[in-house]
Structures are given as C-alpha cells and as structure tokens.
Amino acid sequence: MPKRTSRRHSWAEPYKIKMVELLKMTTRVERQQAIKDAGFNTFLLRSEDVYIDLLTDSGTSAMSDDQWAGLMKGDEAYAGSRNFYNLRDFVEEYYSYKFTVPTHQGRGAENLISQILIKPGDYIPGNMYFTTTRLHQELAGGTFVDVIIDEAHDSQDPHPFKGDVDIAKLDDLVRKVGADKVPYVCIATCVNMAGGQPISLGNLKQLRQWCDEHNVLIVHDMTRVAENAFFIQEREPGYASKSVKEIVYEICALTDAATFSAKKDAMVNIGGMLALNDPELYDKACNLVVVYEGLHTYGGMAGRDMEALAIGIRESVQDDHIRARVGQVRYLGEHIEQEGIPIVKPIGGHAVFLDAGQILNHLPQTMFPAQSLAAALYVESGIRSMERGAVSAGRNKETGENYMPKLELVRLTIPRRVYTQAHMDIVAESVAEIYDQRHDVHGLKFTYEPPMLRFFQGRFEALVPEPATV
Ligand code: F0G
C-alpha cells in the first residue's frame, strides 16, 4: 500500500450544537421584491428574508453555554457592578491593558479616544481605514493617512502580512507635517478593509521603536486580535510554539491603548471598550464616557453583558477555537477559489472577499460593482453579504469627491460558531452560479445618499441598459 504522507487535517469544531434557530426559506420572486424594497442595499433587508447571513461577523456569533450562564450572574447595580471588575481583571490578564472603560460597542470607544487625543489639524496614520474609525477621527478635526504597505491594496498579492505598516510612509508624513501633528498611529489587527489581513509582530516592534523615537502613541484597534495572533503563530518565524493567548498578550503589550468591538473576537452580541495604560488618559476617558455612554463602570453595557464578554475573551484565545474559526473561513475561500472565482488572497481571518471589480469588469466603479454583486447574490440564493468598495469608502471630506478605492470587494463574513460546513458548501455553489451569470448583472445608482457612513442606509436603483437601437 502506498504510504500516505501528506494527509490533510480538517478543522473540526471544538464544540457541539445544543440549540438551533430555524430559518425561513424564500422564493426567487420574494427575494427580487425584498431587494427592491431594500433599495438594493443588503443592510436594509429584513433578517427573516435571509437564508445564510454573511453580512457581518459583528454581534452575530453564537455564545457558549458558559457565556449564557454568565448572563444569569449579572450584577445590575448602576455603579461598581462586580461584572465590571471581572471584566477589568480579564482585560489585564489577557490583553495587558491596566484600565478598562466599557462602551456600548467599538465606535463608542473610537469616539472617546478621538476626542481625547486629536486636535483640529492633526493627522492620524493607520494601516488602512475603517469606516467608523476614520469618521470619528474626522469629526474630531483630524485627517486619516493610509500608511499600510502597498501590497495590501492589491487583491492578488500573496504577502503573508498585508496588514504591515510601511515605516517609510510614516517618515514621509512626519517630514511633511511634523511629529507634533501626529498624536498616534492607529493600528488594526487583522485589517478588515484589506480582507482580514494580519500585521506581523516584527513590523509592530519596528513601529513601537519608531513611535518611541517620535514621541507618538500607538492606539490598537483590537477587534480581531485573536485571529491576527493565529496567523502569526502559523506564519511568523519563531512563533509556532507560542500559544495564541501568549501572542495576543505580546501584541497588546506593544501598544499604548486599544479600542475594541467585543462583538467580533469575543463573541458577544453587544459591547466594547476602550483599554488604556496611562492614568491621565484614563481619567479623561472616565470624564467623557459619562457624557456619551454611561458611568465608567458600565459604559452602556448591562452587567450581564460584561460577564458574557469576560468569558468570551477567555474562549476567544483558545488555540482549538481559533484554528476551527479560521479553518472554516479558509474552507469556504478555497472552495470558491477552486471554481476559478477571484477572491482576495491570502484568505483572511473573518471573511472571504470576492473581487467584485474583477468579477464584474464590465461595470465601471462609478456603477458600484460590489454593491451590485451583493444584491445579485442575495436574489440568486438568499445569502446576504456586504459591499466593501466605493460605497463604503464614501467621499473626501474636503473635496466631496467619491473615493475610488483599489479594492472593490464583496465580503462574505462568517459569524463564529454559527454555520456548518454544508452551509459553506451552499455559499460556494451559489457564488459559482452568480459568477456564471455575471454578464447579466447591472450596475446601480444612488437614489438616496446619507451624508455619513452612506453604506448603512443608502438606497439605489438598478441601471438597466437601454435596449439597442436599430
Ligand atoms: N473596527 C473594526 C476593525 C471593525 O470591523 C468594526 C466593526 C469597528 C471597529 C466598529 O465596531 O461596530 O462595534 O461599533 N465592524 C463591523 C463589520 C460593523 O461588519 O465589520 P462596532
């Protein structure tokens, strides 16, 4: 018998299913009506009209029985809830940060840190923008500057750490505006808009040194730090024998403060926090949080939710968990790739990103190919995805011009511990079907464009081509 040497090992889940939620099946005609009613925006669909919901991994994960049990231990005192102290201790143990200010979700923390650190006229470099993060920087009078490596803007570049910062771009910025106009560098782990791409610890250490030399802080968007740590363990020399938990701690310890949307990695349905080390910044955050969120020991979260979050943090850094989580995303990505469909490479941590710009290359970017593809995929299959291209990028705050990002993507985002391998097969098959019909997909035009974060509530109509005249 031939010896099997390179057998592939699957990513089986380290849990079993205790409760299920039944889904409604819809017809194509119903879905055509639903997407029209939603102005061709998947954010405006009703969830019960969706079969497999890959809109986002935010707040959509399945909590464990331990987390549900934690809800029963909620101490709903207005001030000084024991769940807050638990959460604070977990944050220090797992993430290294000394002070925790709970917020209702990630953008609450982004608002606080932007108001505390940014003065009008400042510049905030970051490893690619995130929609809400950049908006809060702009509302505080700052200007975002993209300092991610060029490879991140190329969907096909196989660079293993496309989240890395190009230090030369930081030098350039400081030469132009001076370091005193740069309060902090904003670093996301597993960069969402780049396709869920990690930053390496080697790069982060270089950045730490650069920031120390220039007296600039590092604020860490740690929304998907555990997924980033998994890629470091897998790809970065010297880290194969370290646990995800150890790597997460090491990443956080290299930064000064963090904003956290707990709705992703930490698998709660709502919640977030600002985490800090500097007592003076903590005092300022405590002063501001009462204005926007709630008292500094709950910041908009119920006691029970803080308990579920603390438990979720512990579960999120388990090696078995994260291997299965990223394994499922990779399973879907590889299946779609085998069909010859262009996706962002390498496959990221939380989602598979379809290269809508390439798939619908008969549509100019001004006709929003990614928005069009997301709508068409829904009609085809009942699968909900999200546009991450020109609609999400919005307009330049000074000139009012549309940003036209190099990445024009549709994100198939996988909630944690929710869908099965068979669901992933259906998704890949449905994407292949829409790919076969790609030439029939029409572009879209805005009928309503909100002034801020337009992708959430914008409405569109289909641009059906004129019949050919004879
Ligand atoms: N930072 C990143 C990297 C995010 O992905 C998000 C949210 C936030 C900050 C804001 O956090 O939603 O809790 O206020 N991303 C969601 C998504 C909405 O679908 O990617 P929030």
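Note that ligands are numbered from 1 as they come in the structure, with each ligand's atoms numbered from 1 the same way.
Here the options are Q105, R107, E110, Q137, the test is side chain to side chain donor-acceptor pair (under 3.5 Å), and the partner is T132; only E110 passes. The only option from I149, L170, I148 that meets the side-chain contact (heavy atoms from CB on, under 4.5 Å) definition with V165 turns out to be L170. Here the options are K264, R224, K263, the test is side chain to side chain donor-acceptor pair (under 3.5 Å), and the partner is D57; only R224 passes.
Residue M386 has at least one heavy-atom neighbour below 4.0 Å for each of these atoms of ligand 1: 19 (O). Short contacts between ligand 1 and G106, defined as distances under 4.0 Å to a heavy atom of the residue, involve ligand atoms 11 (O), 13 (O), 14 (O), 21 (P). In the vicinity of T56, heavy-atom distances shorter than 4.0 Å reach the ligand 1 atoms 17 (C), 19 (O).
Using a non-hydrogen distance threshold of 4.0 Å, R224 registers as a contact of ligand 1.
Minimum heavy-atom separation, S316 to A266: CB-CA, 4.4 Å. The shortest non-hydrogen separation linking P183 to K181 is CD-O, 3.4 Å.
With respect to atom 10 (C) of ligand 1, the closest heavy atom belonging to the protein is T132 OG1, 3.6 Å. The protein non-hydrogen atom at the shortest distance from atom 8 (C) of ligand 1 is F130 CE2, 3.4 Å. In this structure, the protein non-hydrogen atom closest to atom 3 (C) of ligand 1 is D221 OD2, 3.3 Å. From the protein, the heavy atom lying nearest to atom 13 (O) of ligand 1 is S261 OG, 2.6 Å.
Residue N192 has at least one N or O atom closer than 3.5 Å to an N or O atom of ligand 1. Checked by distance only, ligand 1 and D57 stay at 3.5 Å or farther apart across all their nitrogen or oxygen atoms. For the pair R107 and ligand 1, the shortest N or O to N or O distance falls below 3.5 Å.
Remark: among candidates K264, K263, E110, Q105, the nearest residue to atom 9 (C) of ligand 1 is E110, based on non-hydrogen atoms.
Proximity of a side-chain donor or acceptor of E92 to a complementary backbone N or O of R88 within less than 3.5 Å is not detected. Of the possible polar contacts, one joining the E408 side chain to the A390 backbone as a donor-acceptor pair under 3.5 Å is found. Using a distance-only test at 3.5 Å, with no hydrogens or angles considered, a donor-acceptor pair links the side chain of D122 to the main chain of K119.
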Apply the test ring-ring contact (aromatic ring centres under 6.0 Å, His included) to residues Y78 and Y298: give CA-CA distance (whole Å), side-chain angles for both, the deciding distance (0.1 Å), then the verdict.
-> CA-CA 8 Å; Y78 187 90; Y298 79 86; 5.1 Å; yes
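Neither the backbone nor the side chain of H104 comes within 4.0 Å of ligand 1, counting heavy atoms alone.
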